[in-house]
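Right, one structure below, let's go through it.
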Amino acid sequence: LMGLGIQAYGGASVLDYMTASIVGTAFAVISGKGVEFGIGLAVPVALLMIQLDILARFFNVFFQKRIDSAVEEMNISKIKFYHFMGIFSWGLSRGLPIFIVFCFGENIVKLISDIIPSWLTGGLSIAGGMLPAVGIAILLRYLPIKNYVGYLIIGFVAVAYLSVPMFGVTLLGFAMAIIQYKKMTTMPVTLSSENNVSAGGIDDDEYED
């Protein structure tokens with residue numbers, strides 16, 4: 001359950017705890033000032049990295065659109081180029097900040113955080129808040145929701161209106177999965193029996209006679 005809050009499931013952008021841990025631990029050891037110093041440095045690094053994460057996602061969407069166009073044109077070279085550009089932008093969003101931090105120290109992190117205008121950070125925050133909804137919508141698009149929309153509504157009501165905790169929702173979903181599984185396993189037997197009778201075939205009782 002803790003992992004749901006610190007991982008980018010469904011396209012959500014969360015604080016980059018891994019990068020912050022690397023930077024905070026390294027400077028805590030190098031400076032010899034202890035854990036408190038490392039945590040104090042890790043917080044601004046994590047806040048800065050989430051903005052770069054959203055920025056990298058924007059660039060990757062742009063490259064993906066170009067790849068779609070290249071696929072329609074059957075242009076293999078463009079597909080490869082934009083694919084590597086996506087890898088480059090994603091890696092650069094992590095690699096470049098870490099390089100700068102280790103070269104120039106903690107002051108550069110605080111300086112960049114202070115220089116970034118509020119309108120940019122505010123816009124990125126709004127975009128980051130929209131990404132979970134977009135990600136969940138994409139996931140639902142590829143799931144057979146039309147067949148199980150009732151279950152989706154039950155889960156939504158349980159969380160939004162009944163304030164059921166996550167473990168309770170998990171048990172509720174598990175129970176509904178068991179019910180659906182039993183329905184699916186008994187359905188072929190019922191259809192088979194009906195087909196035999198409708199086709200004029202013999203059932204089990206007639207066979208025994």
Side-chain angles (χ1 to χ4, degrees), residues 1-28 30 38-145 152 156 166:
L1 295 180
M2 292 176 62
L4 293 176
I6 61 174
Q7 296 295 331
Y9 296 117
S13 291
V14 296
L15 299 178
D16 194 339
Y17 296 99
M18 291 182 288
T19 302
S21 299
I22 293 172
V23 175
T25 302
F27 276 98
I30 294 173
I39 295 176
L41 178 60
V43 171
V45 170
L47 293 173
L48 177 62
M49 293 301 295
I50 189 175
Q51 312 298 337
L52 296 177
D53 177 80
I54 298 172
L55 206 59
R57 291 174 188 269
F58 283 161
F59 279 111
N60 284 349
V61 170
F62 172 79
F63 295 140
Q64 183 62 50
K65 293 296 183 181
R66 293 297 179 271
I67 291 176
D68 292 339
S69 301
V71 169
E72 294 178 357
E73 300 172 0
M74 294 299 294
N75 192 326
I76 305 300
S77 59
K78 283 187 177 181
I79 295 175
K80 292 181 179 180
F81 173 76
Y82 287 116
H83 177 74
F84 283 111
M85 287 298 295
I87 297 175
F88 179 75
S89 65
W90 195 259
L92 198 64
S93 67
R94 266 69 176 177
L96 183 61
I98 298 302
F99 175 78
I100 293 175
V101 167
F102 282 119
C103 286
F104 300 101
E106 61 172 316
N107 294 328
I108 190 65
V109 178
K110 295 181 179 179
L111 178 63
I112 294 174
S113 300
D114 294 336
I115 290 177
I116 295 178
S118 58
W119 61 266
L120 179 58
T121 56
L124 294 176
S125 299
I126 294 174
M130 294 173 60
L131 285 175
V134 175
I136 292 175
I138 294 173
L139 293 177
L140 294 179
R141 175 67 178 81
Y142 290 99
L143 294 175
I145 297 301
L152 179 64
F156 178 79
M166 187 60 64

Kindly give the heavy-atom pair with the smallest separation between [X] and [Y], and that separation in Å.
X	Y	result
M85	F63	O-CE1, 3.6 Å
M49	R94	CE-CA, 3.9 Å
A70	I79	CB-CG1, 3.6 Å

To the nearest 0.5 Å, how far apart are [atom1] in [X] and [atom2] in [Y]?
X	Y	atom1	atom2	value
I87	Y82	CD1	OH	15.5 Å
F81	I76	CZ	CD1	15.5 Å
F59	L52	CZ	CG	10.5 Å

Measure the shortest side-chain to side-chain distance between S89 and N60 over non-hydrogen atoms and say whether it is less than 4.5 angstrom.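 Answer yes - side chains close enough.
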Close side-chain approach of F88 and F84, heavy atoms under 4.5 Å: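 No; the side chains remain at least 4.5 Å from each other.
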